[in-house]
Number of protein chains: 2
Amino acid sequence: MNIGAVAKQTGLNAKTIRYYESINLVDSPPRRENGYREYSEKNVQQLWFLRHARQFGFSIDECRDLLSLWANPNRKSVEVHSLVTEKVKHIEQHIQELRQMKKVLTGLLDECPGDDSPHCSIIARLASEMESPNG
Amino acid sequence: MNIGAVAKQTGLNAKTIRYYESINLVDSPPRRENGYREYSEKNVQQLWFLRHARQFGFSIDECRDLLSLWANPNRKSVEVHSLVTEKVKHIEQHIQELRQMKKVLTGLLDECPGDDSPHCSIIARLASEMESPNG
DNA sequence: TCTAAACCTTTCACTAACTATAAGGTCAAG
DNA sequence: CTTGACCTTATAGTTAGTGAAAGGTTTAGA
């Protein structure tokens, strides 16, 4: 299969596929006489794996670990379990940070008239020299 | 004031301050004879503004808009209000995406034994060739 | 007076995960 | 024979800085 067909099938951009190869995230497929990449079923499966893992929010480095666990028949499922558990914790942290931001911004919005006047407490708050905007 | 003192006061890294200057986000302070930057009160206030805006989660480009609104005495507070409203919407979207990720991953964790066996439904799920991991 | 530490300067390279562009070779259809 | 859709590579751009190299300046202390 050519890279274009693989891209269509997996939903990955052809450039993304070449990029994954360039950073040695996936096996390099063999080349035909004309230099085109010839993807085997195994090559395509690796790319499917990556598409899914990336959609789940795993970083490239985490994908590297997951791919290696996938390839290892002696893996222990606890390894996968703890990797994913860590990921969930980070996502939770991130959500908390975003919630805090949203809370502060929403509070500022309530204080800004939002009309034709130049007076705006949001701008005033940003321009203030206090140590922290949360303080 | 020298850059080090400004950095200490505002909590910004000196390199970050030079970076903001290099992308023309803030006014370039004048130089002394020895080439050192000499920060005025106004220069420092711009940096305070940036520190706060960045802490609130605004991107550099958004900060550019906010700085320009701050500098403009003819601004209408509705402009600030809608900029911040947009920001809140994006944050909400982001939170929703992260919640969805977390939900899927948590679901997968429940199905993985997390023991010494190699069988793991998370890996199986990632390796599957279905169109979407949400499907 | 000499020296060492603590400043300051610049430029380049690196981070994550691609995407865009340029410049070119190959293949299939009309 | 040409057009367009493929494929190839290398380079640079994206975000928001950070780290390192290599050097000039200032200040405090022996």
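All chains are named by letter (A, B, ...) in the order of the sequence lines, taking the proteins before the strands, and each is independently numbered beginning at 1. Values below: every heavy atom of this structure, side chains too, minus hydrogens, waters and symmetry copies.
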- To the nearest 0.5 Å, how far apart are CG in Leu83(A) and SG in Cys112(B)? 11.0 Å
- Query: Does the side chain of Asn43(B) pick up a donor-acceptor pair with the side chain of Ser40(B) at under 3.5 Å?
  - Reply: yes
- Query: Just checking Arg18(B): base, sugar-phosphate only, or nothing, at a heavy-atom cut-off of under 4.0 Å?
  - Reply: base
- Note on the structure: Distance col, row Trp70(B):CH2 vs Ile122(A):CD1, nearest 0.5 angstrom, shows 15.5 Å
- Query: Nucleotide range of DNA chain D contacted by chain A, 5' to 3', under 4.0 Å to a heavy atom?
  - Reply: dC6(D) to dT9(D)
- Query: Which part of the nucleic acid, if any, lies within contact of Arg31(A), taking any heavy atom under 4.0 Å across all strands shown: a base, the sugar-phosphate backbone alone, or nothing?
  - Reply: sugar-phosphate
- Round to the nearest Å and state the distance from Glu38(B) atom CD to dT9(C) atom C1'. 16 Å
- Message: Could you check whether Lys76(B) pairs with Asp115(A) (Lys NZ or Arg NE/NH1/NH2 to Asp/Glu carboxylate O, under 4.0 Å)?
- Response: no
- Query: Using 4.0 Å as the upper bound for N to carboxylate O, is an ion pair formed by Glu21(B) and Arg18(B)?
  - Reply: no
- Message: With a 3.5 Å distance limit and no angle check, can you tell me whether Ser121(A) reaches the backbone of Glu111(A) through a side-chain donor-acceptor pair?
- Response: yes
- Provide, to the nearest angstrom, the distance between the NZ atom belonging to Lys8(B) and the C1' atom belonging to dC7(C). 11 Å
- Message: Over 60° means perpendicular and under 30° means parallel, so tell me whether Phe56(B) and Phe58(B) are parallel, tilted or perpendicular.
- Response: perpendicular
- Item | Sequence-aligned protein contact record of nucleotides 14-26 of chain C, with B where the base is within under 4.0 Å of a protein heavy atom and S where only the sugar-phosphate is | ---BBSBB---BB
- Select base, sugar-phosphate, or nothing to describe what Ile23(A) touches, counting heavy atoms under 4.0 Å on all strands. nothing
- Note on the structure: Exactly one candidate in Arg37(B), Glu38(B), Met1(B), Gln46(B) meets side chain to side chain contact (heavy atoms under 4.5 Å, CB included) with Pro29(B); the answer is Arg37(B)
